[in-house]
Novice: 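Pasting a structure below so you can have a look.
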Amino acid sequence: MKEIVLKLNKAFENRIRLGIMSVLMVNETLDFNSLKELLGATDGNLSSHLSALEKEGLISISKQFVNRKPNTTCAVTAKGRQAFREHLDLLEKLIKSKNK
Amino acid sequence: MDTSEQHLEDLKEIRKMMEKSSRFLSLSGLSGIAAGLVALAGAAIAFFVLGYPHRFFMSGEGYAGGVQMHAETIPALMLDGIVMLIAALGLSFYFTRRRARKNGLSLWDETTRRMLLAIAFPLISGGILCLIMIFQGLIYIVAPLTLVFYGLALIAASQYTVNELKILGISDTVLGLLAGVFPGYGLFFWAAGFGFFHILYGYRMYRKYER
């Protein structure tokens, strides 16, 4: 069990980050405001977690202007998808081993 | 340190976020019941007040004659249908907005947009085809067509909202095909598909999710 815990991806340790990844797994792209509303996070909090995930190469962020307003959209990268799947598998394993 | 509890919570949260962000979950069962009652009222008006030409069709004198004879009731039937459609949409909107507010969800978001887009194509193309058929004088084909296209629209929408909508969609599609086999009885199929099926579905949904 110990070694599974060690393998857990540190990038997903936080609830908001888990939320971001979950939402992006099932939505091709999503804009900043929708994410904010879904997760109930503040602007600053959300953007710091987003840039942390981007730095790890798990999500991609693109900024455009729509009607002269800045519009940030996020999407999960192939690497992020893979990493999140592995993370879910590990969580599952952990729970199973505990229940035995 | 019970980390397994925490992991279980994490998994639950992940599942919740995936559901919430990809499905429109505010659809109220009461919307279905209200739309069904409105449809039954509309069908009753067509039957008792406007004298929908079913008796003539049953006498077996052919559809062309029936259409000619009742040409003057067609605008009235169309008006009846349009008023009922607006009433049903208005009531559905009201109950769905009420449920969204109760659950603290916003009514207009990405999931709403996707669901409406999925509905729009089959529904609008079906509606236009029905209008074309009416102008061609093929009135009897309208009941089967509306049911089939509405059913297909619901099946498409069910991908983006509660899965039960698919059952209603399949039922209405099959009923529409049956209605095509029994021309002249369109109003009864129509009342069953838009009236009774909606009420049954709405009641089930209400019992399951809102009580």
Side-chain angles (χ1 to χ4, degrees), chain A residues 1-41 46 49 59 71-76 80-81 83-100, chain B residues 1-28 93 96-121 154-166 169 209:
Chain A
M1 178 150 169
K2 196 77 176 237
E3 51 281 18
I4 306 180
V5 176
L6 286 175
K7 268 197 261 171
L8 276 178
N9 200 329
K10 289 273 185 293
F12 301 133
E13 252 173 15
N14 170 287
R15 256 310 145 77
I16 302 245
R17 289 190 197 176
L18 271 184
I20 294 169
M21 292 305 290
S22 319
V23 169
L24 291 180
M25 288 293 277
V26 289
N27 289 279
E28 222 171 304
T29 62
L30 212 61
D31 62 289
F32 188 85
N33 288 331
S34 303
L35 266 175
K36 200 174 83 177
E37 195 177 330
L38 274 164
L39 302 170
L46 181 57
H49 285 305
I59 64 169
N71 183 286
T72 308
T73 55
C74 313
V76 70
R81 196 171 281 277
F84 192 66
R85 282 220 182 94
E86 280 164 13
H87 187 75
L88 286 183
D89 288 342
L90 286 176
L91 284 181
E92 211 174 349
K93 259 189 214 159
L94 274 174
I95 290 161
K96 272 186 191 151
S97 68
K98 184 79 178 189
N99 285 344
K100 258 177 210 163
Chain B
M1 49 154 262
D2 200 1
T3 51
S4 138
E5 282 282 305
Q6 194 201 322
H7 295 320
L8 198 62
E9 279 302 304
D10 280 355
L11 277 180
K12 274 187 196 152
E13 180 75 14
I14 289 167
R15 174 172 290 175
K16 200 184 93 192
M17 290 318 299
M18 284 179 161
E19 274 272 291
K20 195 174 158 191
S21 67
S22 62
R23 282 171 186 269
F24 178 70
L25 297 172
S26 300
L27 208 60
S28 169
F93 178 75
T96 296
R97 192 183 60 180
R98 205 178 74 157
R99 184 164 176 217
R101 281 197 182 154
K102 217 185 203 169
N103 296 344
L105 293 169
S106 60
L107 188 61
W108 183 258
D109 63 9
E110 189 60 25
T111 62
T112 325
R113 201 181 64 84
R114 269 184 228 165
M115 186 188 67
L116 291 179
L117 263 177
I119 291 180
F121 204 72
L154 291 186
I155 293 171
S158 69
Q159 267 188 291
Y160 303 104
T161 176
V162 288
N163 219 16
E164 281 86 350
L165 205 63
K166 193 185 263 168
Y209 296 109

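Just so it is clear: chains get the letters A, B, ... in the order the sequence lines come, proteins before strands, and each one is counted from 1.
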Novice: State whether the side chain of Arg113(B) and the backbone N or O of Trp108(B) hold a donor-acceptor pair below 3.5 Å, judged by distance alone.
Specialist: no
Novice: Taking C-beta and beyond as the side chain, do Asn103(B) and Ser26(B) meet within less than 4.5 Å on heavy atoms?
Specialist: no
Novice: Less than 4.5 Å apart, any side-chain heavy atom of Asn71(A) and any of Phe32(A)?
Specialist: no
Novice: Given that the side chain runs from C-beta out, which part of Ser106(B) has a heavy atom under 4.5 Å from chain A: side chain, backbone, both or neither?
Specialist: both
Novice: Between the main-chain N or O of Lys36(A) and the side-chain N or O of Asn33(A), is there a donor-acceptor pair closer than 3.5 Å?
Specialist: no
Novice: Find out whether Leu35(A) and Cys74(A) are in side-chain contact, i.e. whether some heavy atom of one side chain is under 4.5 Å from a heavy atom of the other.
Specialist: yes
Novice: Within residues 13-21 of chain B, which residues come under 4.5 Å of chain A, heavy atom to heavy atom?
Specialist: Glu13(B), Ile14(B), Met17(B), Met18(B), Lys20(B), Ser21(B)
Novice: Identify which part of Leu30(A) has an atom lying under 4.5 Å from any heavy atom of chain B, answering side chain, backbone, both or neither.
Specialist: side chain
Novice: Using heavy atoms and a sub-4.5 Å threshold, report which of residues 155-164 of chain B line up against chain A, by residue number.
Specialist: none
Novice: For Phe121(B), is the CZ atom crowded, meaning more than 12 foreign heavy atoms sit under 6.0 Å from it?
Specialist: no
Novice: Apply ring pair (Phe, Tyr, Trp, His ring centres under 6.0 Å) to Phe24(B) and list each qualifying residue two or more places apart in sequence or on a separate chain.
Specialist: none
Novice: Would a 4.5 Å heavy-atom cut-off, applied to side chains only, mark Met21(A) and Ile59(A) as touching?
Specialist: yes
Novice: Got a sec, which residues hit ring pair (Phe, Tyr, Trp, His ring centres under 6.0 Å) with His87(A), two or more places apart in sequence or on another chain?
Specialist: Phe12(A)
Novice: Let me know if Asp10(B) has heavy atoms under 4.5 Å from chain A in its side chain, its backbone, both or neither.
Specialist: both
Novice: For residues Asp109(B) and Glu37(A), determine if any side-chain heavy atom of one lies less than 4.5 Å from a side-chain heavy atom of the other.
Specialist: no
Novice: When you compare the side chain of Asn27(A) with that of Arg114(B), does any pair of heavy atoms fall below 4.5 Å?
Specialist: yes
